[in-house]
Amino acid sequence: MSRFFRGGDDSSSESSSDEEDLSLSEEETTTKDQQSEDESSDDFDDDEDESEESSDDDDGDKPKGLSRFLLDQDSSESEEEDVEATTKVKSAKDKRHDELEATITGIQNGQKINDWHLIANEFDKLNRQVVKLQDGGKAPKSYIKCLVQLEDFMNETIAKQKVTPKKMNATNARGLNAVKQKIKKNNKDYQEQIDAYRKDSDAFMESDEEEVPVPKKVAKPKFEAFTAADEDEDASGFETVGKGGKALQFTPESIFKHLRTILESRGKKNTDRQEQISIMEKLFKVAETPYQKIRVLMTLVSARFDLGSGGASSMPLEHWKSAEKELGVLLHILEVAKDHIVIEGAEEWEDDERAPTLEEGQKYIKIPGSIVSYIERLDDELTRSLQAIDPHTSEYIERLTDEGSLYNIIFQGQLYYEALQKDASLEVPQESLNRIIQRRLDHVYYKPAQVVKILEENSWKQVSSSLDSKITPRSQSEEAIQLINTLCSYLFENSEGIIRARAMLCQIYFLALHDEYYKARDMMLTSHLQENIANFDITSQILYNRTLVQVGLCAFRKGLVYDAQNTLQEICGSGRQKELLAQGVMIQRFHQVTPEQERLEKQRQLPFHMHINLELLECVYLTCSMLLEIPLLAQTGSSPDVKKRVISKTYRRMLEYHERQIFTGPPENTRDHVMQASKALAAGEWKKATHFIHSIKIWDLMPSTESIKTMLAKQIQEEGLRTYLFTYAPFYDTLAVETLSGMFELDSRKVSAVVSKMISHEELAAALDQVTETVIFRKGVELSRLQSLALTLSDKASALIETNERTLEHRTQGSANAFSRKDGRGGGQRGGGRGGGRGGARTGGGPPRQAGGTQFTGGALGAAVRG
Amino acid sequence: MAATTPNGASSPADYDLLPKLAPHLDRHMIFPLLEFAQGQLIDEDESITDEKKAREITEAKFALLKKTDMTDYVASLYCELKGLKEPPIEYAERKQKVFSQLEKFEQETGKITELLEREDVVNNLRSDKVANLEFLKKDHDVTIEMVNALYEHGNLQYSCGSYGDASELLYRFRVLSTDNDKVSYATWGRLACEILTTSWEMALEELQKVRELIDTKLQNNPLAQLQHRTSLVHWALFPLFNYDKAREPILELFFSAPFINTIQTNCPWILRYLTVAVITNRGRAKNVGIQQKQMKDIVRIVKQEAYEYQDPITKFVHALCIDFDFEEAQSQLVVAEEVLRSDFFLVAHADDFVDSARHLIFESYCKIHARISLKDLSARLGLNADDAEKWIVNLIRDTRLDAKIDYKEGTVVMNHPPSSVYQQVIERTKGGFFRTQVLNAAVAR
């Protein structure tokens, strides 16, 4: 589990919940969730912003769905958006006009008393109002007039300011500055009208509205390069399209003009995107040169992506499919026409009249754009639509088949970038290639080798046989393991930070999935990710959690119950598996989640086909816990420090809950099965326990179910024997190995091995008799209550000293290390004391550990005790 | 000994570590290993059992030494391989060349060597290297080139196989040189020389120096540190098994945290040697506590690395100390003995190991059992009843086992006294007073 999610995992509250009942503790956890939720959404917001910015750069201006609500923040932008919104509701308009007039009067008043603070406020208000009043891109005349007057007045004031030594007061000066800047910015947009006004103010004021064919305003400073000559054509182009594009002639020559218009209308309200797309489809048909085709395709694909960018809805299916096809065509064109390249940061070609040609000394025609962003977007859109579809329908499966073609695109994209990278002069950033390889990895790491193989084969079939990849050569892509390995090692070498960590996790996941437990574990340990995973973003943390779980499951399949339990503990012990693995939203019962948080949470969810089966996970976790806990429970029995060692709190709680039930029916779900098996195991009825465990249906989901069942049966036999010995040892003097072996159907050699192990670890106060093949239990080792209390007390005392020492060490750490030097003699003693203490605590009887005893060096007391 | 045992699966040849060891050893050090491997092929009646293998080894030897300057030997190997009587002329040429080079270096280093043998010069040397060089330069016109020539000369001598001279030269170089890199190479070189001339005392000293070098010089380069440590571990095997006094310091070195990590990550096969060293060390070690701790460590590591490395020796430890399967341990011991006898380093310790291993088995057997039949035990130990009895009596006397032999029943009866609760409480609390005092003193300061 990531550190981050651990926010509320407070030990104190945990222990209190221990004694309360089940539901109450859940309450607590949910509130804790909420806290961590808050943090999480904050983090995520940042990311979102960043990604939005970057995508802005990539595909130009995105439609601002939200900007409607954010008018005051970026009013100047929304002004243009409303250019075409010519809703003519008379009364409302009049009202607004009145308001406008009132504001203008306010400004004039301000001018009179030279109060710039007031003017600045009023001016903002005015700008806001005027947005609603724009008429076909034309601002109300009174507004223009006001603007002009204000500008004049401002210039006057500034001029005055320069000559008079007397200073304005601070608020006023600030207001003046603000207004100055705003006017500068604002007036640009209305330059034409302002000019007209200045030329002849009266004529302007009286002129009829319909009369003036106002060319469409150029919105962004970006597009300012447009000259008047362009504008005319633009306008006409705009008109024709606006009327349905029927009269329009699509010729190769006009392609760029069309594209230009479409580009400009991007991100504005009330643009008919469908219409534009169909135009572009036609344009593509007439496009002749590769340059034209590439341009059209790129615009087309981004237009399609715009369709799906509203809120949480994903882009329509048919558009996704066409976008995928078009990207394929685009990549194909780029592959064939080697002199055309699409590259980030290339210069925009401004001349619409003619296409750029290859000039002397130039190797490529560079077209600005980012293939990797397109591919990433395509990928994201698929994920989004998969999130939205009910996974149990055939629709989901149908949609999932698209992943194959997506993978092909990613693969071709990788080839394309590799080709680009061959030419060092292009300086393709390594980052793009890393991103695309990461995407490829994301699509294969959770799949079984056979599936990956099919994917690979298909994608190699798609590309011409002459092409080969340098990073993932054709010959090496046959084996999935090798493929993953090459992809990951490439990323290890060439990337850093999150991508690198993710690559590592993906590889570990894949290894764990394919039963390479030790490799996976070693990688996990050497990566040191558990220490710094909390610094990564949430999706990486989720990947980390998934990997952890997969490693745990792998350990279980290997029969390493202890390791499996240990690994799964963090995730499954928290009771929030769903959330930690992003496989479902937790229901927040006691805390409200803001819609924003909920949306983010939903976005993070993994599509169903990537899920790790939660029920199976729980089943594995509980079974492992049972195998470890039941003997432990039997061992600790009734001694006073029972509460000391708890392996799995979740399991204990469930067991207690189960035991409290007055009537237990036949087991229904996995949990019931494991609980009843636990009960049987605790009573020494291992056969019953095995039966319960075996009748859990979900084992069928594991590969090689039979071998896992046999493994479990074996484990249950052994643990059953241990539990039996722990539980019933006090009631026997001797016990024949033969009997035990018959009782648990184990080899007598195995039985003696188990018993020997227990004796040697001082878990059992007994000895074997070789002659009669019996276990002889030693008597008189059970402690009286007073004795065991004394032991506990002495334990606590030494723990106290230890804590004190540690505290002091901690505090004197910075300064001289005097303390540790001084007690160099005591050091050995301390070590010894600790060792002895631990040994005793665990065994609760039996001779003290030899190592602990021998390490005593100091003091006559020590010698005396040793005798 | 035959190259293959009847039960082919566990033939000692399967556990031959030579290919694994070789990359970490120096050319000159592999040679004795190959010699040994060849020696293994010769039967009691001095006939070579496996012609093909023998030839392979000769070829390996030739390939190994081709790059060195031991021209005479290489030439004779070549002859042996090709069945020629006279070595080809190129070897004579090369020999000539080597000799001329040697002479050249001899001249170049002659002066400085002479100087360093003069008492008055040596007495003027201080611990400061820069000052020394300054002094020699001023008074005796020694240049830095001459010092470096010492190094080159040493290198050539080593390559020719005259390790003693090489060691001497490198030692002098190290005294004078200020070039850190070369000094560390020279230290490695000296270590190799000392190992090859079997002067273990010196080798131990050099070993310590190399270790310090690795710790200090390579602090910023963990990978190089790992590689160097790996080599050092391999080189240290020579003194470890050939010089008794070296055993404890080297074991200590191996068990220090950085080295045990190196062994675990980079060369788990060293575990075999480590295990044997620890097991045979019992009884010999002065400090029983350390020995026990090492044993515990080795058990832990063997368990951890079981998935990566297994051979009869580690399997023996696993069976005995982790699974407590005495029969399995017994059978592994038999295989382990064979493996030991075919291992260059361990061949001399095979008997010792078997003996110690038996002790070990018996010890843990006794810990667990309350009554053991003598007959059974003697069968298990591979001794006859009388010998077994004697053996046990000795054992009871040596180790502080609380056991008695019941002659009538033919059993050994073990007595395991339960530890008293009072003693436990005393044990746990006895450090408390002293520790509190120390703590108090520390706080008061």
Side-chain angles (χ1 to χ4, degrees), chain A residues 517-518 749-750 752-757 759-760 765-772 776 778-781 783-784 787-788 790-791 793-795 797-798 801-802 804-805 808 812 818-819 822-823 826 829-830 832-833 836-837 840 845-848 850-856 858-859 861-862 865, chain B residues 265 287-290 292-293 295-296 306-308 319 321-328 364-373 375-377 409-443 445:
Chain A
Y517 173 69
Y518 290 107
R749 195 169 133 182
K750 181 85 207 169
S752 36
V754 171
V755 175
S756 309
K757 207 171 177 177
I759 294 171
S760 165
L768 281 169
D769 187 331
Q770 196 203 8
V771 183
T772 51
I776 303 167
R778 242 179 279 132
K779 287 291 136 189
V781 284
L783 305 176
S784 71
Q787 282 169 336
S788 63
L791 276 180
L793 181 65
S794 62
D795 256 355
S798 59
I801 296 179
E802 216 148 281
N804 279 340
E805 278 175 0
L808 191 71
T812 52
F819 172 56
K822 174 87 192 282
D823 79 340
Q829 206 176 19
R830 203 191 327 164
Q850 204 126 29
T854 50
Q855 275 196 347
F856 279 101
L861 190 61
V865 169
Chain B
T265 49
N287 193 335
V288 190
I290 291 179
Q292 260 164 351
K293 190 176 167 293
M295 192 65 211
K296 224 187 265 168
Y307 70 96
E308 238 178 340
C321 302
I322 296 164
D323 294 339
F324 293 93
D325 189 338
F326 295 102
E327 276 159 56
E328 176 69 16
S364 54
Y365 204 71
C366 290
K367 230 197 236 168
I368 290 164
H369 286 76
R371 203 153 58 122
I372 310 162
S373 124
K375 214 163 68 192
D376 202 55
L377 193 67
E409 300 267 329
T411 52
V412 186
V413 182
M414 242 67 65
N415 187 16
H416 305 277
S419 78
S420 116
V421 185
Y422 312 111
Q423 191 173 329
Q424 280 182 49
V425 173
I426 292 170
E427 198 109 324
R428 274 181 220 185
T429 45
K430 71 179 160 192
F433 178 64
F434 180 69
R435 282 162 73 184
T436 315
Q437 257 187 335
V438 172
L439 204 64
N440 192 23
V443 170
R445 205 180 310 162

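Just so you know, these numbers use all the heavy atoms, side chains as well, and skip hydrogens, waters and symmetry mates.
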Spacing of OG1 belonging to T429(B) relative to CG belonging to D795(A), to within rounding of 0.5 Å: 10.5 Å

R749(A) CZ to D325(B) CG distance, which is reported to the nearest 0.5 Å: 4.0 Å

Residue selection (most heavy-atom pairs with chain A, distance under 4.5 Å) from E327(B), Q437(B), R371(B): R371(B)

Chain B contacts, top residue of S756(A), S752(A), A753(A), A766(A) (heavy-atom pairs, under 4.5 Å): S756(A)

Value rounded to 0.5 Å, distance of CG in L768(A) from OH in Y365(B): 8.0 Å

Part of T411(B) within contact of chain A (heavy atom distance under 4.5 Å): side chain

F433(B), part contacting chain A, at a heavy-atom distance under 4.5 Å: neither

Region of I759(A) that comes under 4.5 Å of a non-hydrogen atom in chain B: side chain

Any donor-acceptor N/O pair, R428(B) side chain to L791(A) backbone, under 3.5 Å: yes

Minimum heavy-atom distance G432(B)-I801(A), with the two atoms named: CA-CD1, 3.4 Å

Pairwise distance CD(E427(B)) to OG(S794(A)) - rounded to 0.5 angstrom: 10.5 Å

Atom pair CD1/NZ of I322(B) and K757(A) - distance to nearest 0.5 Å: 8.0 Å

